[in-house]
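Please read the structure below before turning to the comments.
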Amino acid sequence: MYSLADLNPVQREAVEHRDGPLLILAGAGSGKTRVLTYRIAHLVARGVAPWSILAITFTNKAAKEMRQRVETLLGSAGAGLWVSTFHSACVRILRREIDHLSGYARSFVIYDTGDQLSVLKSCLKELDLDEKKFPARGISAKISDWKNRLCQVQDAEGQAAEYFEEMAAKAYRLYQKKLMANNALDFDDIIMLTVELFRQNPTVLDYYRDRFRYILVDEYQDTNHAQYTLVNLLAARYRNLCVVGDDDQAVYGWRGADVQNILAFERDYPEAVVLKLEQNYRSTKHILQAANAVVRHNLDRKAKSLWTENLSGDLLIHYAAEDERDEARYVAERIRRLKDREGRPNKDFAVLYRSNAQSRILEEYLLREGIPYRVVSGMKFYERMEIKDILAYLRVLHNPADRVSFSRILNVPKRGLGESVLAKVLLYAEEQGLDMLAALREAEYIPGLRPQAREALLSLSRLLEELREQSLEGKITDLVEEILDKTDYWTMLKADNTPEAQARVENLQEFLSVTAEYDAKIPEERDEQAAEEGNRPAAGTASGSLAEAEDRLGPGAEDRPGTQAGGTFLTGGEDRIVSGTGDTASAGAEDRPIPEAGGDFPAEEEDGPALVIDDFSAGVGGFLEQVALVADIDQLNEGDDGVVLMTMHSAKGLEFPVVFLVGMEEGIFPSSHSLLAEAALEEERRLCYVALTRAKEKIYLCCASRRLLYGHIQSNLPSRFFSEVPPELMLDRDPIDPPPRRQGRMGGAVRGGGFAGTSGHGRSKNRDDGSLASAGTPLATGKSETYHVGDKVEHEKFGRGIIVSVKGEGASAILTVAFSGQLKQLISEYAKLTRF
DNA sequence: TATCCGAGGCTTTTT
DNA sequence: GCCTCGGATA
């Protein structure tokens with residue numbers, strides 16, 4: 001059970017609020033997860049049926065955590081509760097209401113970004129669009145943007161203003177057509193189609209409205225228009241909508257998230273109760289003061305100020321490195337020293353950077369120091385080639401309409417079936433209206449094939465038919481092993497004696513442990529459940545029976561925390577542990593609290609019975625769905641003791657005792673892409689706020705005066721965010737170092753170095769207009785023009801831009817200029833720049 | 001059809 | 001600097 005005595009007065013009010021809209025503005029580290037889970041528990045305790053509660057998060061990690069906590073609080077009383085991500089919830093609804101969704105079959109698969117891109121590329125090819133002017137990624141972003149705004153193809157065509165948009169809309173039309181032909185949805189479709197389903201089928205909407213009387217949404221500031229619409233459609237009748245968020249932590253605007261959604265909540269619900277959670281339980285006073293001070297520079301925000309009863313703690317420490325190597329060296333050396341001095345385990349430390357490209361050098365120096373680390377990188381386990389290959393087999397077996405997956409496996413392993421054969425098979429399938437398995441079966445009749453190709457196709461056909469039969473029953477693990485075996489995938493990899501092939505073998509073994517876990521968690525009544533999915537009454541029938549069906553489905557059948565938690569398949573992958581030599585964490589280290597989102601929550605007990613349900617159907621389909629919707633950042637395994645390296649974005653929601661922010665330079669952070677637009681700059685500043693508030697005890701901020709990035713050296717000014725931290729909160733020298741001694745490499749060299757220098761970077765001047773130009777030291781002296789970092793210039797072709805680095809001197813100086821959307825290197829003499 | 005090489009590209013990425 | 005993609009070649 002839970003006790004309201006665990007809560008502060010505002011938290012308590014949020015938990016006790018029962019009916020009507022509720023906005024909780026929850027600052028970083030203010031215990032919002034606790035509030036959400038207690039609130040759910042409290043609703044149930046006061047008689048609200050668990051199955052009438054829907055709690056939505058963005059990440060699986062958050063969903064899992066919330067589920068576990070609620071389970072701890074409620075035990076079996078929570079049966080039937082929906083705690084899931086936007087995407088999981090929507091997929092679940094879509095599958096259930098598939099009959100209302102014309103053009104798609106229940107076996108639809110979910111395409112990830114890579115799949116999307118390959119579909120789109122084929123569209124662009126078909127439309128004969130110049131890939132220079134219409135890059136697939138750009139068009140993809142545009143389409144995603146449309147979908148996030150709920151613009152259907154017709155809408156996009158209607159409102160396309162310029163040529164690019166017109167072409168993008170054309171591509172959009174074809175792209176949707178192809179997705180449908182493949183019986184596939186992309187991530188954005190999942191939300192958009194659910195909204196459309198509701199809008200076009202009032203009885204369906206009615207059912208879900210009636211069912212979900214209490215809705216809770218986490219990270220509301222990150223919702224995009226489609227998600228916002230979805231939530232508000234569902235909440236419209238009972239208006240028991242509780243949203244939690246923090247406008248200061250809105251860092252996904254570039255992805256379509258609209259912070260206005262949370263800012264306008266009171267307009268949407270004038271009767272809303274608004275509560276502010278401003279007490280922070282995570283960080284020291286100094287860290288919090290710094291974070292508050294930085295974010296206060298944003299004009300577009302709700303006024304609030306976090307406070308804490310925690311100790312003042314250490315001051316922030318600033319290190320001005322010579323270059324990125326010096327910076328990395330410093331970080332590694334600091335970690336080593338703190339470990340030695342304070343007996344901290346590796347996992348106490350996180351190094352956060354703006355872009356993934358910055359991790360390499362850090363890895364190098366950590367390795368050199370013998371400090372174990374793990375990189376949480378962009379490359380996901382499920383995005384690895386070998387994993388995608390096997391998934392493609394599974395997908396084709398499950399959904400033979402999937403041409404993308406079919407194209408992927410046709411010649412993997414090599415069967416001598418290349419582009420031209422693929423084209424012929426696809427064309428034949430198209431003409432005959434066949435799915436890919438059926439087309440293969442008819443390989444005899446496909447025109448223009450050489451005998452060997454024909455034979456190879458037929459043999460593949462036989463293999464797939466055999467596998468398909470097996471896929472309908474039995475374990476996924478057996479099926480995957482069969483695939484690896486019968487296709488000679490193992491043989492192919494094992495014949496290849498490279499380390500990469502070895503890594504692939506290991507990844508596949510890891511994958512097999514994922515499937516094994518999945519198989520183990522599926523109860524015997526899989527068939528029963530599948531039958532239920534099939535015979536489910538249409539929405540709009542009396543809710544009672546459905547709800548009961550849900551309840552029966554709940555225990556065990558749908559909640560498979562183990563499968564989702566996984567925990568195994570990441571460790572061998574990108575999220576790796578590199579063990580250093582001589583790593584001697586003290587004995588007490590193990591007892592330290594593990595980094596955990598909202599770590600103020602009391603320790604959890606061992607897994608109770610799995611009663612809080614989540615949504616996955618069974619079988620190959622269920623497995624594929626899980627894989628598609630579960631990103632492996634969720635698997636950041638807390639048992640592993642390594643320094644964590646990740647982007648500031650990835651760090652959102654996490655906390656660490658000691659945090660290093662590296663690359664704090666103009667053009668890096670804030671990113672050069674944001675320098676021209678005030679809104680983008682404010683988002684960078686919020687990111688800085690997020691990054692600062694990850695730290696519990698200590699934080700180091702580093703910048704380098706020179707940096708090798710993308711192959712060339714650039715000189716950047718220290719980030720403007722330095723100047724936004726009150727000077728009295730920051731030190732230039734770490735007090736754990738002995739007082740200044742002889743000319744060390746940390747002291748004189750940097751201070752005497754090229755430009756602004758540590759003391760001259762403007763921190764003391766405390767400029768708050770964010771302008772940089774005035775602080776810049778002349779870095780180039782041309783005959784006619786001298787450009788400075790930060791100068792705003794105009795180019796006849798590229799338009800307006802801002803200089804982010806200057807290399808060399810005089811007329812031959814190489815300028816890196818951030819124009820809207822692109823970085824350009826220009827030679828001062830020839831660039832023909834004018835100031836504006 | 002498979003492979004090799006070079007030009008161009010490059011924020012962030014919960015799903 | 002490093003990776004991806006596409007074109008040219010064997």
Side-chain angles (χ1 to χ4, degrees), chain A residues 56-63 84-91 110-114 116-118 121 125 131-132 135-138 141 144 147-148 185-191 218-219 221-224 226-227 249 251-257 324 352-358 360-361 376-380 382-383 411 414-422 450 452-453 456 597 625-634 646-654 663 667-675 680 683-684 686-687 690-691 707-713 818 821-825:
Chain A
I56 301 180
T57 63
F58 272 84
T59 66
N60 290 295
K61 184 180 160 78
S84 76
T85 63
F86 270 104
H87 294 266
S88 294
C90 286
V91 165
I110 297 159
Y111 275 179
D112 67 18
T113 322
Q116 284 175 48
L117 227 48
S118 53
K121 276 180 184 163
K125 202 173 242 176
E131 58 198 55
K132 283 272 148 47
R137 292 180 56 143
S144 176
K147 289 182 176 181
N148 290 161
L185 307 188
D186 67 20
F187 287 130
D188 302 319
D189 282 335
I190 292 171
I191 313 291
D218 194 12
E219 303 276 21
Q221 80 281 354
D222 287 338
T223 50
N224 62 36
Q227 291 159 334
Q249 292 185 71
V251 293
Y252 285 104
W254 51 275
R255 254 178 131 248
E324 80 286 351
L352 309 182
Y353 34 78
R354 181 62 233 273
S355 76
N356 284 305
Q358 292 169 255
R360 175 162 274 116
I361 190 74
V376 180
S377 94
M379 184 61 161
K380 305 287 194 318
Y382 292 121
E383 285 168 9
N411 200 31
K414 302 248 182 298
R415 301 185 177 93
L417 299 172
E419 276 306 309
S420 70
V421 175
L422 173 63
R450 289 206 230 135
Q452 302 135 289
E625 184 165 315
Q626 170 176 321
V627 169
L629 294 178
V630 177
D632 47 4
I633 177 85
D634 305 348
M646 63 180 151
T647 64
M648 299 179 193
H649 281 92
S650 301
K652 192 167 165 230
L654 305 177
I668 306 279
F669 185 46
S671 134
S672 57
H673 300 260
S674 69
L675 297 180
E683 183 152 305
E684 296 285 304
R686 289 192 293 271
L687 186 58
V690 167
R707 179 177 296 274
L708 181 67
L709 197 66
Y710 301 140
H712 23 226
I713 294 166
Q822 55 183 346
L823 267 187
K824 288 284 171 205
Q825 304 261 330

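The sequence lines fix the lettering, A, B, ..., with proteins before strands; numbering per chain opens at 1. Just so it is clear, the model here is predicted, and its values are computed rather than measured.
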Quick one: A:Asp112 CG to B:dT15 C1', roughly how many Å, whole number?
10 Å
As a test of the definition: with a 90° window around 0 for syn, would you call B:dT11 syn or anti?
syn
A:Ser674 vs B:dT11: side-chain N/O to OP1/OP2 distance below 4.0 Å
no
Are any side-chain N or O atoms of A:Asn411 and backbone N or O atoms of A:Leu417, one a donor and one an acceptor, separated by less than 3.5 Å?
yes
Mind checking the P distance from B:dT12 to C:dC5? Whole angstroms is fine.
16 Å
Could you check how far CD of A:Glu419 sits from P of B:dT3, rounded to whole Å?
15 Å
Closest to side chain of A:Asp222, choosing from B:dT15, B:dT12, B:dT14:
B:dT14
Of all residues at least two apart in sequence or in a different chain, which pass the ring-ring contact (aromatic ring centres under 6.0 Å, His included) check with A:Tyr353?
none
Nearest to the A:Arg137 side chain among B:dT13, B:dT15, B:dG9, which nucleotide is it?
B:dT13
Can you find a donor-acceptor pair, distance only, under 3.5 Å between A:Arg255 side chain and B:dT15 base?
yes
Reckon A:Thr57 has a side-chain N or O less than 4.0 Å from the OP1 or OP2 of B:dT14?
no
Interatomic distance, A:Gln116 CD vs B:dT13 P [rounded to whole Å]:
17 Å
Side-chain (A:Gln227) to main-chain (A:Ile191) donor-acceptor, under 3.5 angstrom
no
Using the test side-chain hydrogen bond (donor to acceptor under 3.5 Å, both in side chains), find all partners of A:Asp218 that sit at least two apart in sequence or belong to another chain.
A:Lys32
Let me know the distance between CD1 of A:Ile713 and P of C:dG1, rounded to the nearest Å.
9 Å
What is the distance, to the nearest angstrom, from the CD atom on A:Glu324 to the P atom on C:dG1?
10 Å
Hey, does A:Phe86 reach any base, or is it just sugar-phosphate, or nothing, if we go heavy atoms under 4.0 Å?
nothing
Contact class for A:Val690 (heavy atom, under 4.0 Å): base, sugar-phosphate, or nothing?
nothing
How is A:Ser671 classified with respect to the nucleic acid when contacts are heavy atoms under 4.0 Å: base, sugar-phosphate, or nothing?
base
Looking for any heavy atom pair under 4.0 Å, which part of the strands does A:Lys652 touch: base, sugar-phosphate only, or nothing?
nothing
Give the B/S/- string for nucleotides 2-10 of chain C, one per nucleotide from 5' to 3', where a protein heavy atom under 4.0 Å of the base yields B, of only the sugar-phosphate yields S, and otherwise -.
S---S----
Is any side-chain N or O of A:Asn356 closer than 4.0 Å to OP1 or OP2 of B:dT11?
no
With sequence neighbours left out, write down each residue that passes side-chain hydrogen bond (donor to acceptor under 3.5 Å, both in side chains) with A:Glu324, or none if nothing qualifies.
none
Would you mind telling me which of B:dT13, C:dG1, B:dT11 lies closest to the side-chain atoms of A:Leu708?
C:dG1
Tell me whether the OP1 or OP2 atom of B:dT15 has a side-chain N or O from A:Ser88 closer than 4.0 Å.
no
What residues, two or more places apart in sequence or in another chain, satisfy ring-ring contact (aromatic ring centres under 6.0 Å, His included) together with A:Phe58?
A:Phe86
Starting from C1' on B:dT13, measure out to CG on A:Asn148 and report it in whole angstrom.
12 Å
Residue whose nearest DNA chain B nucleotide is more 5′ - A:Gly416 or A:Ala357:
A:Gly416
Which of the following nucleotides, B:dT1, B:dT15, B:dA2, is nearest to the side chain of A:Thr113?
B:dT15
Please list, chain by chain and in numerical order, all residues satisfying salt bridge (charged side-chain N to carboxylate O under 4.0 Å, His left out) with A:Lys652, sequence neighbours excluded.
A:Glu219, A:Asp222
Separation of B:dT14 atom P from A:Ile110 atom CD1, nearest Å, is 16 Å
Could you check how far OH of A:Tyr710 sits from P of C:dG1, rounded to whole Å?
14 Å
Can you tell me if A:Trp254 is stacked onto the base of B:dT12, using a 5.5 Å centroid cut-off and an angle below 30°?
yes
Can A:Thr85 and A:Ser88 be said to form a side chain to side chain donor-acceptor pair (under 3.5 Å), step by step?
CA-CA 5 Å; A:Thr85 63; A:Ser88 294; 3.0 Å; yes
Counting only side-chain heavy atoms from C-beta out, which of B:dT11, B:dT13, B:dA2 sits nearest to A:Glu684?
B:dT11
How are the rings of A:His649 and A:Tyr252 set relative to one another: parallel (under 30°), tilted (30 to 60°) or perpendicular (over 60°)?
tilted
Phosphate oxygens OP1/OP2 of B:dA2: is one of them under 4.0 Å from a side-chain N or O of A:Asn411?
yes
On DNA chain B, more 5' by nearest nucleotide between A:Phe187 and A:His649 is A:His649
